[in-house]
There are 2 protein chains.
Amino acid sequence: MARVRLIDVAELAGVSMKTVSNVVHDYPHVAPALREKVQAAIDQLGYRPNLTARRLATGKTGMIALAIPEIDHPYFSELSRQIAEEATRRGYRVIIEQTLSDPVTERAVLNDREAGLVDGVIFHPVRMETLDIAKLDAGTPLVLLGEAAMPVMTDHVMIDNVSAALDATRHLLASGCRRIAFLGVIAADITGSTSQRLFGYQQGLLEAGVQLNPELVLTASEFTAEAGVHSITEAIDRGVRFDGVVCRDDRFAIGALKALHDSGRSVPEDVAVVGWDNTFMAAYTSPTLTSVAPEKTAIVVAAFNLLEERIAGYRGVGRHVIVGHSLEVRESAPLAPSRLRSRTDFTAL
Amino acid sequence: MARVRLIDVAELAGVSMKTVSNVVHDYPHVAPALREKVQAAIDQLGYRPNLTARRLATGKTGMIALAIPEIDHPYFSELSRQIAEEATRRGYRVIIEQTLSDPVTERAVLNDREAGLVDGVIFHPVRMETLDIAKLDAGTPLVLLGEAAMPVMTDHVMIDNVSAALDATRHLLASGCRRIAFLGVIAADITGSTSQRLFGYQQGLLEAGVQLNPELVLTASEFTAEAGVHSITEAIDRGVRFDGVVCRDDRFAIGALKALHDSGRSVPEDVAVVGWDNTFMAAYTSPTLTSVAPEKTAIVVAAFNLLEERIAGYRGVGRHVIVGHSLEVRESAPLAPSRLRSRTDFTAL
DNA sequence: CCACAAATATACAGCGCTGGAAAGATGGTT
DNA sequence: AACCATCTTTCCAGCGCTGTATATTTGTGG
């Protein structure tokens with residue numbers, strides 16, 4: 001099982017190592033006859049270059065790390081797919097690190113772990129403070145995703161969360177909702193992505209002259225559909241009345257749909273629901289889910305552009321790219337005011 | 001930006017490289033005073049070991065590759081998550097390769113790409129023939145996932161697809177279905193996973209004395225929910241009558257639920273639906289989805305066990321591990337015969 | 001106070017590959 | 001036939017780290 005090395009091929013072909021290396025790399029100035037002989041030796045021995053050794057010699061790894069909270073969150077799995085594809089297109093391979101939103105793991109990702117292993121890191125932080133990140137950045141090019149407060153030295157790609165939440169809220173208001181809830185605030189999320197969305201939601205209500213009602217800001221224990229179900233169910237049980245919900249992400253929205261269905265409410269007639277991320281399931285829930293749609297492709301492309309500039313040697317201050325978003329309107333919150341029951345009947349449910 | 005090397009630390013601390021290395025590795029026989037001095041130098045310089053160099057020296061990479069068709073297929077993203085967690089537990093990092101079911105990419109994964117890069121590969125093939133795989137295995141430990149025909153030399157983990165499909169079919173039969181469709185056969189899938197499921201479905205019908213009807217075997221163009229929608233809709237339009245569907249995976253099932261809903265059929269009253277993979281969405285569709293549940297954790301653990309044995313040097317013939325499965329019964333195909341309309345009314349829809 | 005074992009620390013040769021310098025061929029000029 | 005310029009090929013010093021062999025120090029008992 002001893003691996004075939006460059007020198008083995010060289011000996012068999014009766015040439016120097018470098019010539020074999022040149023053949024492997026398609027270096028142009030190799031005489032055809034020699035090239036053929038070397039190739040034959042390569043084939044005969046089944047030679048495969050040792051990438052680790054090549055890396056040590058060249059200093060380039062050709063790999064990037066993608067650090068995300070959860071691989072199987074639909075938003076992140078869809079993002080991962082696009083990143084994997086873009087990486088392939090640009091000649092990189094991807095190491096995926098799952099942080100599970102654990103601050104220690106997040107730190108580890110940036111700290112010693114990426115030492116010389118990857119050419120760059122794309123990182124979606126959840127628990128780490130921006131300042132921490134800046135400190136730990138040990139020279140490996142880094143691009144941040146998500147809503148962390150603008151770091152000074154680090155590149156960063158995000159959508160305008162405030163404005164997107166504003167769009168979602170306006171949409172619900174336009175369709176006639178007046179008691180709009182927000183799902184959900186999570187204690188552990190300190191990067192501000194939720195709070196930006198909450199802020200946009202509040203702004204939307206205020207500009208429409210609707211008074212803010214703290215009761216309508218629902219909290220959740222974790223980022224799962226189940227937590228969404230629980231939060232909505234509990235609000236209903238508490239007697240909280242609402243006719244619309246802006247959800248922090250699609251998983252919460254999916255949970256909300258279930259909770260509303262189980263409690264006998266119909267969507268969107270009784271309660272309109274807006275999700276966030278426009279993940280694939282949004283088109284397959286029943287009713288289908290209106291959802292804030294970040295331009296995922298733009299995020300991925302922007303992230304790679306920034307990363308490759310850093311890899312190429314850019315050492316300036318952090319750039320901050322805001323990519324577009326839209327509202328994908330589906331059945332759970334249609335455009336037209338389509339309420340079948342009058343709002344005043346709501347309490348009768 | 002010049003990286004700090006072991007020798008830099010050694011010089012600052014006034015010791016040999018190896019002593020620094022020993023400190024980094026917590027080698028026990030280092031005098032406390034020296035250890036402290038070295039640690040101070042490490043901290044002062046911000047030294048991080050170069051993993052690529054370490055790899056070259058040790059020959060171990062501490063990485064495994066996971067090659068799957070699509071990162072964002074719920075089954076694979078859930079599997080990936082578990083693999084990532086198990087890998088962390090066992091001290092490995094994971095490179096994820098997305099093959100997109102492309103035979104060329106699949107080949108590349110096994111062929112030159114893993115050269116010395118990873119200690120092992122976990123691979124879920126879709127298009128490659130088993131024989132091909134055996135040929136390309138260049139010495140890197142390999143474990144196959146999924147339903148490829150038993151390879152002779154390669155380790156392999158799967159569930160018993162025939163028996164699982166049989167269970168699903170029996171379940172539908174027990175609840176009163178008689179015209180049970182199978183969704184969906186895909187031309188591009190040559191590994192036999194679909195055909196095994198189809199076989200189990202047919203066996204289930206036969207043992208119940210139900211005649212096979214080729215019309216009820218629905219094909220799909222690709223592995224997406226949309227293709228499932230299309231296939232079911234088209235069958236309905238063609239006038240195919242059915243009161244149950246066994247789906248090849250949850251995405252098809254989700255598409256089936258949508259198509260049935262859009263055509264005015266209710267699930268499970270008119271048509272009962274069984275999915276496959278028991279992905280997270282199964283609990284959140286409306287109605288919730290009965291689904292074949294492979295024991296994902298068992299798959300992951302078995303795969304790692306086999307892989308680590310190979311890494312440790314096992315060179316014997318391929319082992320084949322069959323892990324358990326169950327049927328997660330939910331609303332789309334409940335246990336009891338719960339049909340509201342009589343079957344004869346079906347055509348009236 | 002010495003011999004000898006155990007505990008610590010060092011030296012250095014690789015791991016397999018690449019990059020640049022240098023050597024060797026080749027062929028066209030004058 | 002001597003001389004370049006150009007094309008091919010070889011040589012060899014690293015890349016940063018670890019494992020083994022070896023040297024040095026420390027500790028113990030007689």
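Numbered from 1 within each chain, the chains take letters A, B, ... in sequence-line order.
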> Do D155(A) side-chain atoms and R319(A) backbone N/O form a donor-acceptor pair below 3.5 Å?
Replying inline: yes
> Between dT18(D) atom P and K60(B) atom NZ, what is the distance in whole Å?
Replying inline: 15 Å
> Which nucleotide span of DNA chain C, 5' end to 3' end, has atoms closer than 4.0 Å to non-hydrogen atoms of chain B?
Replying inline: dT8(C) to dG16(C)
> Under 3.5 Å, is there a donor-acceptor pair between the S16(A) and T19(A) side chains?
Replying inline: yes
> Starting at CG of N22(A) and ending at P of dC7(D), how long is that distance when rounded to a whole Å?
Replying inline: 15 Å
>> Parallel, tilted or perpendicular: which one describes the rings of Y75(A) and H124(A), with boundaries at 30° and 60°?
In response: perpendicular
> Between OG of S80(B) and CD1 of I68(B), what distance do you get to the nearest 0.5 Å?
Replying inline: 3.5 Å
>> Please report the interatomic distance CG(L51(A)) to CG(L56(A)), rounded to the nearest 0.5 Å.
In response: 12.5 Å
> Is the H73(A)-F223(A) ring centre distance short of 6.0 angstrom?
Replying inline: no
> Going by atom types alone, do R310(A) and N305(A) pair a side-chain donor with an acceptor below 3.5 Å?
Replying inline: no
> In degrees rounded to 10°, what angle is found between the helical axes fit to the five outermost pairs at each end of the helix from dC1(C)-dG30(D) to dT30(C)-dA1(D)?
Replying inline: 50°
> To the nearest angstrom, how far is N50(B) atom CG from dG14(D) atom P?
Replying inline: 18 Å
> How long is the span from the CD1 atom in I83(A) to the CZ atom in F76(A), to the nearest 0.5 Å?
Replying inline: 10.0 Å
> Would you say dT18(D) has OP1 or OP2 under 4.0 Å from some side-chain N or O of S21(B)?
Replying inline: yes
> Is any side-chain N of the basic residue among E86(A) and R89(A) closer than 4.0 Å to the acidic one's carboxylate O?
Replying inline: yes
> Of the residues in residues 23-39 of chain B, which ones touch DNA chain D at a heavy-atom distance under 4.0 Å?
Replying inline: H25(B)
> Under 6.0 Å from the CD atom of E36(B), do we count more than 12 heavy atoms belonging to anything else shown?
Replying inline: no
> What is the distance from CG of L51(B) to P of dC17(D), rounded to the nearest Å?
Replying inline: 9 Å
> Would you call D119(B)-R55(B) a salt bridge at under 4.0 Å N-O?
Replying inline: no
>> By nearest heavy atom, map T58(B) and G14(B) onto DNA chain C; which one lands nearer the 5' end?
In response: G14(B)
> Which residue lies toward the 5' end of DNA chain C, K18(B) or A57(B), if each is placed at its nearest nucleotide?
Replying inline: K18(B)
